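Just so it is clear, the values below take in all heavy atoms, side chains as well, and ignore hydrogens, waters and symmetry mates. From a predicted model like this one, the values you see are computed outputs, not experimental measurements. In what follows, chains are A, B, ... by sequence order, proteins preceding strands, each numbered from 1.
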Number of protein chains: 2
Amino acid sequence: MSSTSSAGRGRPARLDRARTVDTALDLLDSLGLDDLTMRRLADSLGVQAGALYRHFATKQDLLTAMAERMLADTPAPREGGDWDERLAGLARAMRTALLAHRDGARVFAGTHSTGAHTLRFSDTVTGVLREGGFNDEDAGRALMAVVNYTLGHTLEEQAALRPGDDDMADPERLRRAVESGPFPHLAAALPTLTSTDFTAHFEFGLRLLLQGLRALGASGARRRAGGGGAGSA
Amino acid sequence: MSSTSSAGRGRPARLDRARTVDTALDLLDSLGLDDLTMRRLADSLGVQAGALYRHFATKQDLLTAMAERMLADTPAPREGGDWDERLAGLARAMRTALLAHRDGARVFAGTHSTGAHTLRFSDTVTGVLREGGFNDEDAGRALMAVVNYTLGHTLEEQAALRPGDDDMADPERLRRAVESGPFPHLAAALPTLTSTDFTAHFEFGLRLLLQGLRALGASGARRRAGGGGAGSA
DNA sequence: ACCTGAACACCGTTCAAGT
DNA sequence: ACCTGAACACCGTTCAAGT
């Protein structure tokens with residue numbers, strides 16, 4: 001982790017990519033994305049704002065590096081188990097990685113990292129699917145479906161947790177709005193919609209996707225191999 | 001729509017909420033979210049920036065009104081058909097509404113409208129599910145799953161379409177990154193992952209969710225009614 | 001009542017000049 | 001080679017003052 005090359009030679013060489021990204025993630029946690037500025041980050045690093053541009057061409061570049069870094073904390077999935085349980089584990093790991101930092105989902109959504117960690121994660125997901133019997137096209141599309149769902153869910157989860165612009169909390173505002181108009185179905189579902197058990201919400205949608213994939217996998221394997229058995233080695 | 005009360009009296013009363021939101025959406029289409037500023041919007045309305053704050057407390061407030069306005073273009077779903085086809089139609093309508101404006105998904109993701117159009121849309125989705133035989137809790141969770149998936153997908157779709165920071169287009173950057181490392185599964189799925197047939201991608205994930213809901217609906221109806229038949233009236 | 005003018009406290013980014 | 005200092009061209013937001 002620490003690669004302070006030839007420390008003590010000349011000036012401390014205060015700035016490097018890794019330390020800058022780490023500090024930026026710390027600052028993100030304490031300030032939130034909207035208040036994370038290049039100047040404040042420079043301050044935290046004991047440097048002028050302009051110095052950051054020796055390591056990152058733009059702020060967007062820095063945010064991409066932060067998103068890439070967040071996925072680095074994703075643990076490798078355990079080897080055994082069925083493909084569907086392994087896939088679920090990977091989706092949960094992605095949600096956990098995004099939740100680990102304030103506004104993590106927003107940072108991730110706003111960038112398009114093609115870094116090693118991001119690609120490793122996507123490659124692992126795709127591998128689980130292919131080894132589960134899906135063809136290349138279905139594996140690619142399933143990867144996108146699971147990632148997009150997880151991103152959308154976590155975005156909403158983190159948005160619901162931060163305080164709104166006005167004084168009211170998010171669930172209370174929704175409750176009053178629903179009760180103020182003719183929204184009978186929404187009113188009936190309100191206890192669920194205002195629940196803060198986001199893990200249960202996430203698991204519900206994830207289960208739907210897995211169920212759909214199981215149905216597809218069974219018919220897909222039959223289509224290709226002439227018989228059932230989408231089971232892995 | 002036009003409520004220019006007592007036109008011709010005094011000054012033209014240039015500013016009102018509806019016209020401001022419409023102009024803001026036009027500007028969004030031509031400039032994109034990052035270049036949509038209160039000053040530029042004021043310019044387009046022939047007014048000083050400060051005047052906007054008589055109608056919107058903050059820029060965030062304006063963005064919320066814009067998101068709410070985008071969902072107004074969602075057509076009511078046709079009455080007939082099975083609940084799953086009606087639900088699919090609503091998800092497609094949401095995607096279409098977000099795609100209708102540049103960065104539409106980003107605007108929607110960054111706000112939490114509790115306006116009439118947003119609630120009407122959610123109420124309709126929940127109604128389709130309840131009438132399809134789902135209990136209130138499952139209907140609420142299914143609403144969130146479908147909305148979050150649609151949001152995540154459309155976010156990625158619009159992000160993939162806008163040009164990146166560097167000169168390279170998004171698919172080409174991904175291709176080079178994948179080929180530069182040991183990502184065999186990603187390489188196999190690359191033709192799918194770089195495809196720009198986003199409708200096909202969206203439909204794939206949507207089908208998974210619907211399949212999962214069908215399976216759940218069948219067992220859920222059995223659980224409650226003691227027999228099959230999740231069919232609507 | 002509604003808008004202007006002008007300010008306040010910031011931004012991201014660039015770049016000559018220093019060491 | 002790496003960072004400073006200072007500037008450029010902006011931001012969102014506020015508010016006395018005008019009409």
Donor on one side chain, acceptor on other, [X] and [Y], under 3.5 Å:
| X | Y | result |
| --- | --- | --- |
| B:R95 | B:T199 | yes |
| A:E156 | A:H201 | no |
| B:D29 | B:H101 | yes |
| A:D170 | B:H112 | yes |

Starting from [atom2] on [N], measure out to [atom1] on [X] and report it in whole angstrom.
| X | N | atom1 | atom2 | value |
| --- | --- | --- | --- | --- |
| B:R54 | C:dC3 | CZ | C1' | 7 Å |
| B:L52 | D:dC15 | CG | P | 17 Å |
| B:F56 | C:dC3 | CZ | P | 12 Å |
| B:L31 | D:dC11 | CG | P | 10 Å |
| B:D35 | C:dG12 | CG | C1' | 13 Å |
| A:D34 | D:dT13 | CG | C1' | 15 Å |
| B:Q48 | D:dA17 | CD | C1' | 14 Å |
| B:D43 | D:dG12 | CG | P | 12 Å |

* Asked: Does D:dT13 have a Watson-Crick or wobble partner in any strand here, with both distances under 3.5 angstrom, and which is it?
  ->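 Base-paired to C:dA7.
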
* Would you mind pulling out the nucleotide paired to C:dA1, Watson-Crick or G-U wobble, both distances under 3.5 Å? =>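 WC or wobble partner is D:dT19.
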
Go through [options] for me and flag the one nearest to the [X] side chain.
| X | options | answer |
| --- | --- | --- |
| B:K59 | C:dG12, D:dC3, D:dG12 | D:dG12 |
| B:T37 | D:dT13, D:dC11, C:dG12 | D:dC11 |
| A:Y53 | D:dC3, C:dG12, C:dG5 | C:dG12 |
| B:R39 | D:dT14, D:dC11, C:dT4 | D:dC11 |
| B:V47 | C:dT4, D:dA7, D:dT4 | C:dT4 |
| A:A51 | D:dT13, C:dG12, D:dT4 | D:dT4 |

* Asked: Within the structure, does a side-chain N or O atom of A:R40 lie under 4.0 Å from either OP1 or OP2 of C:dC11?
  ->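 Yes, such a contact exists.
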
* To do: Check for a donor-acceptor pair, side chain of B:T118 on one end and backbone N or O of B:T114 on the other, with a separation under 3.5 Å.
  =>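 Here the side-chain-to-backbone pair does not exist.
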
* C:dC8 and D:dC10, which share atom name C1', separated by this distance in whole Å ->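 Looking at atom C1' only, D:dC10 and C:dC8 are 15 Å apart.
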
